[in-house]
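Structure first, commentary second.
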Amino acid sequence: MGVRPHCKRMELILMVLIGMAWGVLLSALMKRDHWQYRGDPLRGESSPFPSSHRSMPSPNTTTIHPLPDIPSARLFNETRVLCLVMTSPKNHQSRAIHIQGTWGTRCNKLIFMSTKADEQLGTVVLNVREGYSNSWPKTRASLEYVYKRYFHQYDWFLKADDDTYVIMENLRALLYAQSPKRPILFGDKFQTHVKEGYTSGGSSYVLSRMALHRLIKLGFSNSSICTNRNYGYEDVELGRCLSAVGVATGDSRDENGLSRFIPISPLHWYSQALLNNATPDNTNDCCSNTAISFHFNNALEFYMLDYVLYKLRIFGINNVQDILRSKNSIWSTFQTTKTELGKNSINKIGPENNDTKRKSETKPKTES
């Protein structure tokens with residue numbers, strides 16, 4: 001008889017302990033859900049992201065990066081660049097498709113020019129022969145295609161090869177201070193073959209809207225200015241055409257005189273420098289800290305450059321504040337102005353004339 005009251009007492013104590021355990025557990029769960037909703041309890045910040053158990057930060061999860069960079073997003077909308085990539089059927093899957101997955105995603109529009117249809121790339125098929133010695137008719141046909149369909153939709157027209165990597169943000173920063181109504185192009189300038197020089201096709205070059213207009217309307221319509229033969233090297237022939245129609249080459253070098261359009265891959269230059277016991281430093285660097293393009297890259301280098309430039313972060317090193325130059329500044333002046341100022345017939349080509357010329361034409365004459 002004395003055992004039953006003792007058992008009942010033990011059962012009661014056990015039930016109280018179980019109830020207390022459940023209460024502690026429920027309280028902990030409610031606090032955790034409250035922290036997820038409110039953000040980081042240590043900083044008192046509200047989270048901009050929807051709360052979920054998966055998004056809770058922990059030592060084993062990847063940190064969410066900040067919102068997209070505002071200056072680069074603004075440049076994307078204000079400085080519209082169409083990217084024209086020259087490729088060939090044998091390079092569709094080994095090169096071009098990897099541009100589509102890396103730097104090409106940062107173009108306002110990306111177009112691949114080839115001689116064979118490719119549904120994955122959306123290639124524009126040209127009726128020309130492939131080969132380096134036939135690069136001129138292919139480039140000419142490509143520029144005519146772009147002018148006919150996209151001239152008024154974009155400010156600048158970039159031509160690149162399928163082994164070129166382009167840093168679009170740095171390109172737009174260079175172009176921001178320039179007016180697309182100016183007849184100008186930028187690239188890696190060579191001084192051979194053409195008296196005024198020409199820009200290398202390999203490391204890419206970019207034409208303003210006005211430069212493309214003059215090239216098509218004044219150059220391609222006159223075979224004595226721009227040859228219409230079905231062979232030739234595109235950058236040399238293009239240099240002759242642009243010089244003849246009053247398009248000047250802007251200075252794309254940085255403040256230290258270093259090139260921004262690079263005819264080689266940085267991996268090739270640095271590896272060779274190290275093999276020759278020449279450690280890269282500020283005195284013999286291959287290129288500008290604000291480089292725009294690199295030539296002779298393979299597909300693996302596309303992804304490596306994409307990772308280093310856009311994903312790799314270094315703890316404790318603050319990025320230098322980027323400042324855009326004013327659009328009124330003339331920091332990239334023409335290397336030669338006589339081609340623009342001395343050809344009145346070229347300047348009179350219709351709706352794309354510059355604002356200064358319009359004002360001078362509409363100013364009333366004063367009486368003597």
Side-chain angles (χ1 to χ4, degrees), residues 81 83-88 90-91 94-104 106-107 112 131-133 135-136 138-139 158-175 185-194 197-207 233-239 249-310 312 335:
V81 182
C83 300
L84 191 65
V85 177
M86 301 295 175
T87 188
S88 59
K90 66 178 183 179
N91 293 335
S94 61
R95 293 182 183 178
I97 195 67
H98 303 293
I99 290 178
Q100 193 179 55
T102 55
W103 69 265
R106 292 177 279 274
C107 298
F112 292 97
Y132 180 61
S133 60
S135 58
W136 167 239
K138 186 174 183 178
T139 300
L158 172 76
K159 178 267 171 188
D161 289 347
D162 58 13
D163 59 349
T164 303
Y165 185 95
V166 182
I167 305 169
M168 293 301 298
E169 292 83 357
N170 287 353
L171 174 63
R172 290 190 178 96
L174 171 71
L175 301 176
L185 83 155
F186 293 95
D188 184 30
K189 188 172 183 179
F190 291 169
Q191 294 292 345
T192 59
H193 302 299
V194 181
Y198 70 96
T199 54
S200 169
S203 53
S204 78
Y205 51 79
V206 59
L207 294 159
Y233 303 117
E234 53 108 358
D235 43 12
V236 176
E237 296 298 340
L238 186 72
T249 304
D251 188 355
S252 61
R253 296 172 298 175
D254 68 8
E255 59 276 7
N256 297 316
L258 294 174
S259 297
R260 287 190 172 101
F261 293 84
I262 317 302
I264 58 173
S265 165
L267 298 180
H268 301 167
W269 187 90
Y270 275 97
S271 62
Q272 192 62 43
L274 292 171
L275 288 174
N276 294 334
N277 296 320
T279 303
D281 54 30
N282 292 333
T283 60
N284 65 352
D285 240 345
C286 75
C287 33
S288 171
N289 290 339
T290 54
I292 290 172
S293 66
F294 298 102
H295 192 209
F296 293 124
N297 301 277
N298 58 41
L300 291 176
E301 289 167 346
F302 282 159
Y303 292 104
M304 191 221 68
L305 286 169
D306 236 43
Y307 167 74
V308 171
L309 292 171
Y310 294 95
L312 181 62
Q335 293 182 353

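For the pair S252 (side chain) and G187 (backbone), a donor-acceptor distance under 3.5 Å is present. Judged by distance alone, with hydrogens and angles left aside, the side-chain atoms of N298 form a donor-acceptor pair with the main-chain N or O of E301 at under 3.5 Å.
Side-chain contact between H295 and D188 is absent, with no heavy atoms from C-beta onward closer than 4.5 Å. Counting only heavy atoms from C-beta outward, the side chains of L258 and C287 never approach each other to under 4.5 Å. Looking at heavy atoms from C-beta onward, N170 lies out of side-chain contact with R260 at the 4.5 angstrom threshold. Inter-residue side-chain proximity for V236 and W136 is flagged as unmet; no heavy-atom pair is nearer than 4.5 Å. Counting heavy atoms from C-beta on, the side chains of P266 and L305 come closer than 4.5 Å. Counting only heavy atoms from C-beta outward, the side chains of T249 and L185 approach each other to under 4.5 Å.
Atom CZ of F294 is separated from atom CD1 of I264 by 9.0 Å, given to the nearest 0.5 angstrom. Atom CG of N91 is separated from atom CG of D163 by 8.0 Å, given to the nearest 0.5 angstrom. Distance check: S293 OG to I262 CD1 gives 6.5 Å after rounding to the nearest 0.5 Å. Note that CG of L174 is 12.5 Å distant from CZ of R172, once rounded to the nearest 0.5 Å. S203 contributes atom OG, which lies 10.0 Å from atom CD1 of I292 (distance to the nearest 0.5 angstrom). One distance of note links CG of L84 with OG1 of T139; it measures 8.0 Å at 0.5 Å rounding.
With sequence neighbours left out, Y310 forms a side-chain hydrogen bond (donor to acceptor under 3.5 Å, both in side chains) with R106, E169. The side chain to side chain contact (heavy atoms under 4.5 Å, CB included) search around F302 returns H98, I99, T102, W103, Y165, N297, not counting sequence neighbours. Every residue meeting the side-chain hydrogen bond (donor to acceptor under 3.5 Å, both in side chains) condition with T87, not counting sequence neighbours, appears here in chain and number order: D162. Every residue meeting the side-chain hydrogen bond (donor to acceptor under 3.5 Å, both in side chains) condition with S288, not counting sequence neighbours, appears here in chain and number order: D254, T290. Residues forming a side-chain hydrogen bond (donor to acceptor under 3.5 Å, both in side chains) with E234 (at least two apart in sequence, or on another chain): K159, Y205.
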Is there a side-chain contact (heavy atoms from CB on, under 4.5 Å) between L171 and F261 once you walk through the steps?
-> CA-CA 10 Å; L171 174 63; F261 293 84; 4.2 Å; yes

